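Below is one structure, written out as structure tokens, with a few remarks after it.
Order of the sequence lines sets the chain letters (A, B, ...), proteins ahead of strands, with each chain counted from 1. None of these values were measured; they are calculated from a predicted model. Scope of the values below: all heavy atoms of this structure, side chains included, with no hydrogens, waters or symmetry mates.
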Amino acid sequence: MKNNNSDFLHLGNKLLHWYSQNARDLPFRKTRDPYKIWICEIVFQQTRISQGLNHYNNFVDRFPDVKTLAEASEDEVLLYWKGLGYYSRAINIHKAAKQIMSDYTGVFPSEYDEILKLKGVGKYTAAAISSICFNGKMPAVDGNFYRVLSRVFADDFDISSSRAFAYFSELSQLIIPDNVGDFNQAMMDLGSEICKPRNPVCLECPLNKDCLAFSLNKTHEFPVKTKKVKAENLDLHYFFVHRNGKFLIQQRKDDFIWKKLFEFPASIPEALKPFNKGSKILHHKLTHKNLTIEVNDIEVSSEEMWNDFTSKNEYLITDFESSLMRSFPKPLENYIQNRLKK
DNA sequence: AAATCGGGGAG
DNA sequence: CTCCCAGATTT
């Protein structure tokens, strides 16, 4: 009579064996430094390894430890996050570094409950760090867990439900082995390399004999996700005000998209319109996905008028070379390069 | 419980 | 074009 949870424990051990021979060779796999693992976990939230690998390497190279990161400026941390997206991660990672310096004397906390208190660290990340670095026993339940578990058990629980994390945390207990750190990483690699969202490579999967969805030929039906992600359109207007290679920028707030990144002025004072008789004005429009950006490209003709602009304290003055040292939204980054590189 | 936050790449 | 990715935070 099979009526207890121990029936599935061999799955976790099969996974560990597969992982011992198929683990991806990644830079953060060579360390148990909680700082490095932390950075890695934040960088790769909602981000593919191939997309974030350079950012991870550059980040830990410039900020090799908590103290270095805590003592850096927020703008420089954002610079190293340039192009990665979800910029609150960079702001939180910087706050958390200061938090570790002040609340934990600069020593990375080792307990799950303490790690969870760090800014930008949620249940997944706290579990990942504690299990990989401190032999913690919490499953690091992420999208890979949702996908692998829902397929293995042909479970149609809606992963877009707010209860999905608790549900699949519970479900993972059926197969979780003693070595939770390796198990968590094994689930990540399996989900990434084998049990992929589309076209999973089931013939190479160590769990294919145990996978209900595979035996039913229904892997494509799992996981179930009902909620659709709606992409609202966003229209932005900018003034690219420039003269002799210099141009105006300002820093965004932290309450909307592109938190604290730099951008062109979204408006200019009425007093400075119209710039003056001779200024050349171009209108550029760029679209990308749900984003529409219109740029009033104004070459200020007189030194006098330029001085009127630059005397406004609300603007920063920069040029192409200096702009490389700021983090701009990707579309504006591209615009600057196309506009001034020549 | 639901909305929001980026950008790149696969299909 | 749509969907997804080593999720967390805010409301």
Side-chain angles (χ1 to χ4, degrees), chain A residues 23-24 26-29 36-56 78 81-93 95-96 115-132 138-148 158-166 168-169 181-193 195-200 220 222-232 234 236 252-261 287-291 293 327-334:
Chain A
R24 285 176 291 180
L26 300 169
F28 40 86
R29 287 277 167 74
K36 300 281 190 7
I37 299 300
W38 168 48
I39 301 301
C40 141
E41 294 302 337
I42 303 298
V43 165
F44 293 110
Q45 283 172 7
Q46 299 295 287
T47 304
R48 295 172 198 283
I49 298 298
S50 58
Q51 184 182 353
L53 205 47
N54 285 336
H55 281 87
Y56 168 79
L78 281 168
W81 214 264
K82 182 195 303 199
L84 251 191
Y86 286 163
Y87 296 94
S88 60
R89 291 184 295 176
I91 297 169
N92 285 333
I93 222 172
K95 288 179 180 171
I115 299 173
L116 193 54
K117 293 178 182 174
L118 299 175
K119 286 287 184 188
V121 173
K123 294 194 290 286
Y124 160 78
T125 302
I129 298 172
S130 68
S131 67
I132 294 171
M138 302 285 283
V141 180
D142 66 342
N144 293 303
F145 271 63
Y146 293 173
R147 192 167 56 256
V148 172
D158 183 4
I159 66 166
S160 58
S161 160
S162 59
R163 304 200 323 275
F165 185 90
F168 286 101
S169 296
D182 282 348
F183 171 74
N184 284 336
Q185 297 184 87
M187 288 288 275
M188 298 176 204
D189 279 16
L190 189 79
S192 172
E193 305 295 297
C195 197
K196 300 182 292 184
R198 280 173 297 198
N199 304 327
H220 60 284
F222 301 96
V224 171
K225 185 178 185 180
T226 62
K227 223 165 54 177
K228 309 299 178 187
V229 277
K230 52 172 183 179
E232 292 292 337
L234 184 60
L236 297 171
R252 292 182 65 85
K253 309 297 184 187
D254 66 350
D255 59 349
F256 189 40
I257 193 173
W258 298 326
K259 301 183 199 310
K260 294 193 176 181
L261 266 55
T287 61
H288 182 65
K289 293 192 174 181
N290 60 328
L291 192 59
I293 297 181
S327 186
F328 287 84
K330 200 62 178 179
L332 291 189
E333 172 97 359
N334 294 340

### Query
Rounding to a whole Å, what distance do you find between Phe256(A):CZ and dA3(B):C1'?
13 Å
### Query
With distance as the sole test, does Asn184(A) use its side chain to make a donor-acceptor pair with the main-chain N or O of Ala140(A) at under 3.5 Å?
yes
Give me, pair by pair, the N or O atoms of the protein and of nucleotides 9-11 of chain C that are less than 3.5 Å apart, along with how far apart they are.
residue: dT9(C); atom: OP1; partner: Gly120(A); partner atom: N; Å: 2.4

### Task
Using a heavy-atom cut-off of under 4.0 Å over every strand shown, decide if Tyr87(A) touches base, sugar-phosphate, or nothing.
sugar-phosphate
### Task
Return no unless some side-chain N or O of Trp81(A) is found under 4.0 Å from OP1 or OP2 of dG6(B).
no
#### Entry: Whole angstrom value for the distance that separates C1' of dG9(B) from CG of Leu53(A)
15 Å
### Task
Name the nucleic acid region contacted by Arg29(A), choosing base, sugar-phosphate or nothing; use a 4.0 angstrom heavy-atom cut-off, strictly under.
base
### Query
Considering only dA6(C), dA10(B), dT4(B), which nucleotide approaches the side chain of Asn144(A) most closely?
dA6(C)
### Given dG7(B), dG9(B), dA6(C), the nucleotide with the shortest approach to the side chain of Arg198(A)
dG9(B)
### Query
Would you say the side chain of Thr47(A) and the base of dG8(B) hold a donor-acceptor pair, judged only by whether the two atoms sit under 3.5 Å apart?
no
### Task
Find the distance Arg89(A):CZ to dT4(B):P and express it as a whole number of Å.
19 Å
### Task
Using the P atom on both, measure dT11(C) against dG6(B) and round to a whole Å.
15 Å
### Message
Nearest to the Tyr86(A) side chain among dG7(B), dC5(B), dA6(C), which nucleotide is it?
### Response
dC5(B)
### Message
On DNA chain B, does the nearest nucleotide to Asn199(A) precede the nearest nucleotide to Asp255(A) from the 5' side, or the other way round? Give the residue.
### Response
Asp255(A)
### Task
Using atom types as modelled and distance alone, determine if a side-chain donor or acceptor of Ser192(A) lies under 3.5 Å from a backbone N or O of Met188(A).
no
### Message
Tell me whether the side-chain N or O atoms of Lys289(A) pair up with the base of dG8(B) as donor and acceptor below 3.5 Å, since no angle test is needed here.
### Response
yes
### Task
Using a 4.0 Å heavy-atom cut-off across all strands, classify Tyr146(A) as base, sugar-phosphate, or nothing.
nothing
### Query
When the distance from CG of Asp254(A) to P of dG6(B) is rounded to whole Å, what number comes out?
11 Å
### Task
Quickly work out the Trp258(A) CH2 to dT4(B) C1' distance and round it to whole Å.
15 Å
### Message
Taking dA8(C) as the reference, what is the distance to dG9(B) when you measure between their P atoms (whole Å, please)?
### Response
24 Å
### Task
Specify the separation, in whole Å, of atom CG of Leu261(A) and atom C1' of dG6(B).
10 Å
### Query
Between Phe44(A) and Phe28(A), how do the two ring planes meet: parallel, tilted or perpendicular, split at 30° and 60°?
tilted
### Task
With the side chain counted from C-beta on, respond yes when Trp81(A) and Ile93(A) share a heavy-atom pair under 4.5 Å apart, and no when they do not.
yes
### Task
Rounded off to whole Å, could you give me the CG-to-P distance for the Leu84(A) and dG8(B) pair?
9 Å
### Task
Using the P atom as the reference point in each nucleotide, state the distance between dA6(C) and dA10(B) in Å, no decimals.
14 Å
### CA sep, side-chain torsions, deciding dist, call: Arg29(A), Asp189(A), side-chain contact (heavy atoms from CB on, under 4.5 Å)
CA-CA 12 Å; Arg29(A) 287 277 167 74; Asp189(A) 279 16; 2.9 Å; yes
### Task
Using modelled atom types only, decide if a donor and an acceptor are shared between the side chain of Arg89(A) and the backbone of Gln45(A) within a distance under 3.5 Å.
yes
### Distance, rounded to the nearest Å, where Met187(A) contributes CE and dA6(C) contributes P
12 Å
### Query
Which one, dC5(C), dG7(B), dA6(C), comes nearest to the side chain of Pro197(A)?
dC5(C)
### Query
Does Lys82(A) offer a backbone N or O that forms a donor-acceptor pair with the side chain of His55(A) under 3.5 Å?
yes
### Message
Applying a 4.0 Å non-hydrogen cut-off, can you work out what Arg24(A) is touching in the nucleic acid: base, sugar-phosphate, or nothing?
### Response
base
### Query
Does NZ or CZ of Lys123(A) fall inside the cone over Phe165(A)'s six-membered ring, less than 6.0 Å from its centre and within 45° of the axis?
yes
### Query
Want to settle it: does Ile159(A) or Ile42(A) sit nearer the 5' end of DNA chain C, counting the closest nucleotide to each?
Ile159(A)
### Task
Mind checking Gly83(A) for me? I need base, sugar-phosphate or nothing, with any heavy atom below 4.0 Å counting as a touch.
sugar-phosphate
### Query
Picking from dA3(B), dA6(C), dA10(B), which would you name as closest to the side chain of Lys227(A)?
dA3(B)
#### Entry: Under-4.0 Å side-chain N/O to phosphate OP1/OP2 contact, Lys225(A) with dC4(C)
yes
### Query
OP1, OP2 of dA6(C) versus side-chain N and O of Thr125(A): anything below 4.0 Å?
no
### Task
Choose from dA8(C), dG8(B), dG7(B) the nucleotide whose nearest atom is closest to any side-chain atom of Gln45(A).
dA8(C)
### Task
Could you tell me how the ring of Phe168(A) sits relative to the ring of Tyr146(A): parallel (under 30°), tilted (30 to 60°) or perpendicular (over 60°)?
tilted
### Task
For Ser50(A) and for Ser162(A), find the nucleotide of DNA chain B with the closest heavy atom, then tell me which residue's nucleotide is more 5'.
Ser162(A)
### Message
Between Arg147(A) and Phe222(A) (side chain of the first, backbone of the second, donor and acceptor by atom type, cut-off under 3.5 Å), is there such a pair?
### Response
no
### Task
Test for a donor-acceptor pair under 3.5 Å between the base of dC4(C) and the side chain of Arg48(A), counting only N and O atoms.
yes
### Query
With a 4.0 Å cut-off on heavy atoms, is Lys228(A) in touch with a base, just the backbone sugar-phosphate, or nothing at all?
nothing
### Query
Which nucleotide in the set dG7(C), dA1(B), dG7(B) lies at the smallest distance from any side-chain heavy atom of Arg163(A)?
dA1(B)
